[in-house]
Amino acid sequence: NLKDNTIIIVLGASGDLAKKKTFPALFALFRQGFLPRDAKIVGYARTKMEKDDFEGRATSYIKGAAEDKEIANAVESFKLTLSYVAGSYEDGAAFDGLTKHLDEIEAKYQSKERNRIFYLALPPSVFIPVAKNIKEHCYNSKGGVNRIIIEKPFGKDLDSARELLNTVKQYWTEDETFRIDHYLGKEMVKNLLVLRFANVALGAAWDKNSISNVQITFKEPFGTEGRGGYFDEFGIIRDVLQNHLLQVLSVLTMERPVSFSAEDIRDEKVKVLRCIPPIERSDTLLGQYVAANGKPGYLDDTTVPPQSVCPTFAATTLWIHNPRWEGVPFVLKAGKALNESKVEVRIQFKEVTQGIFKDIARNELVIRIQPNEAVYLKLNSKTPGLHTRAIPTEMDLTYKRRFLETKIPEAYEALILDALRGDHSNFVRHDELDVAWKIFTPILHWIDGQSGPRPHPVQYPYGSRGPKELADFMAKYGYKRSDDA
Ligand code: BG6
């Protein structure tokens with residue numbers, strides 16, 4: 001763990017990701033005393049900015065300062081850690097300016113240790129030059145650590161991802177590299193390890209003998225809203241399924257790791273992912289939202305190319321060929337502009353088919369990742385009274401009720417802290433990424449038109465539950481809809 005002499009350099013400091021996620025997370029860690037003592041935060045971006053302007057932007061998404069004096073004071077102290085350097089991403093000489101600034105901060109250190117943590121909140125187009133330039137111009141080899149934190153998109157398919165990873169590898173070792181998938185920092189995703197391996201009752205039913213089907217669902221109630229340029233190039237599969245939902249799937253289905261170490265955990269994730277063949281077209285449903293309920297359709301977004309067939313919704317079914325999961329369908333589905341905001345895992349157990357109870361509801365275990373974190377198990381229970389009738393009920397662990405005083409950390413807080421501690425458990429290893437791309441590349445090439453005509457997504461209205469074809473698609477995999485799904 002880094003205790004002293006640490007600078008966190010946020011590259012892309014004037015962008016949206018930095019403003020909305022990185023700086024608020026750094027502030028939360030600062031306020032709770034989790035940043036190394038006297039840590040400094042340096043912003044770097046192309047835009048020329050005065051110190052005040054930068055401080056204003058970096059703190060613009062911190063909540064609560066207007067109502068709470070303690071938070072307002074903490075924001076003022078946080079600003080004292082901030083400074084800013086403007087410069088180009090491509091020009092190596094500009095990075096010498098950054099290094100000069102870092103050297104000035106470090107000149108005051110008492111010991112030789114100098115830790116530099118580079119956080120790249122940047123678009124993919126400048127990813128490689130920045131990784132190269134900071135290695136060549138800002139790397140400190142005089143003692144202490146250098147780390148680089150990077151975020152998706154990591155390429156667009158297997159080949160481009162390999163090229164990107166290999167180029168970054170020329171400059172940064174695997175140990176120095178922290179690839180963020182922010183879903184791995186979410187509280188409920190971290191809870192999967194505990195739910196599965198600290199509970200005999202759940203662990204015993206965690207296989208094809210007890211489970212009929214599993215759904216991992218991501219729903220957002222808003223469309224691309226001006227972000228269409230980026231989105232259209234990637235589509236919902238690259239945006240959400242290939243990374244966030246597949247990561248959840250791997251933790252949900254891996255075998256028990258030998259230990260808590262990052263390598264043991266990631267070995268098991270890679271192992272289970274390798275048992276999944278590339279997705280079949282016939283196991284895929286693609287959708288695109290159209291105007292409804294007073295909201296614009298995807299093609300009405302002026303940043304989207306006319307007649308785009310980019311999917312904003314996808315449901316895909318994955319199969320894991322190993323003894324535990326053979327024959328169990330795992331449906332990953334994600335969509336923009338749907339009726340609600342919800343991310344959940346829904347495990348539907350097989351039904352009771354014999355004996356004294358028939359035609360009763362299946363058990364379901366629902367792990368709600370957001371909003372309003374919860375784990376609930378749907379059980380059949382006797383209706384109280386003088387007759388014996390089974391009705392579906394719930395055992396409900398809603399976090400807000402069970403953990404009243406506990407604040408649930410933001411994913412980025414948890415992940416930045418892990419990176420400061422040098423813990424890779426919740427970061428994506430290079431071989432994990434490789435196998436994730438192997439699963440999705442053929443279907444993506446089909447969607448992109450690289451293996452014939454591009455498929456046309458079915459339409460669904462903005463604000464709906466998704467394409468009307470979804471119900472039949474789900475039924476194909478044995479899913480029986482329950483009332484809260
Ligand atoms: C990002 C996607 O990775 O995740 C966005 O690019 C998506 O399109 C976002 O909205 C969802 O993250 P969260 O934490 O809000 O669920």
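Counting starts at 1 for both ligands and their atoms, in listed order.
- The residue from Lys480, Gln215, Glu364 that alone fulfils the side chain to side chain donor-acceptor pair (under 3.5 Å) condition with Gln348 is Glu364.
- Looking at Arg31, its side chain never comes within 3.5 Å of a backbone N or O of Ala74 through a donor-acceptor pair.
- Aromatic rings of Phe34 and Phe30 (six-membered ring for Trp) have centroids beyond the 6.0 Å cut-off, not under it.
- Checked against the 6.0 Å centroid threshold, Phe313 and Tyr460 count as a close aromatic pair.
- Any N or O atom pair closer than 3.5 Å counts here, and Lys21 shares no such pair with ligand 1.
- Nearest protein neighbour of atom 3 (O) of ligand 1, counting heavy atoms only, is His244 NE2, 2.7 Å.
- For atom 12 (O) of ligand 1, the nearest non-hydrogen atom of the protein is His182 NE2, 3.1 Å.
- Ranking protein heavy atoms by distance to atom 10 (O) of ligand 1, first place goes to Glu220 OE2, 2.4 Å.
- For the pair Lys156 and Phe234, the cation-pi criterion (under 6.0 Å, within 45° of the ring axis) is fulfilled.
- Using a distance-only test at 3.5 Å, with no hydrogens or angles considered, a donor-acceptor pair links the side chain of Trp437 to the main chain of Phe154.
- Interface of Lys186 with ligand 1, defined as ligand atoms under 4.0 Å from a residue heavy atom, comprises 13 (P), 14 (O), 16 (O).
- Counting heavy atoms under 4.0 Å from ligand 1, residue Phe231 does not touch it at all.
- For atom 16 (O) of ligand 1, the closest heavy atom belonging to the protein is Tyr183 OH, 2.4 Å.
- Of the protein's heavy atoms, Gln370 NE2, 4.1 Å lies nearest to atom 15 (O) of ligand 1.
- Residue contacts with ligand 1: Asp239 is included, with a non-hydrogen atom under 4.0 Å away.
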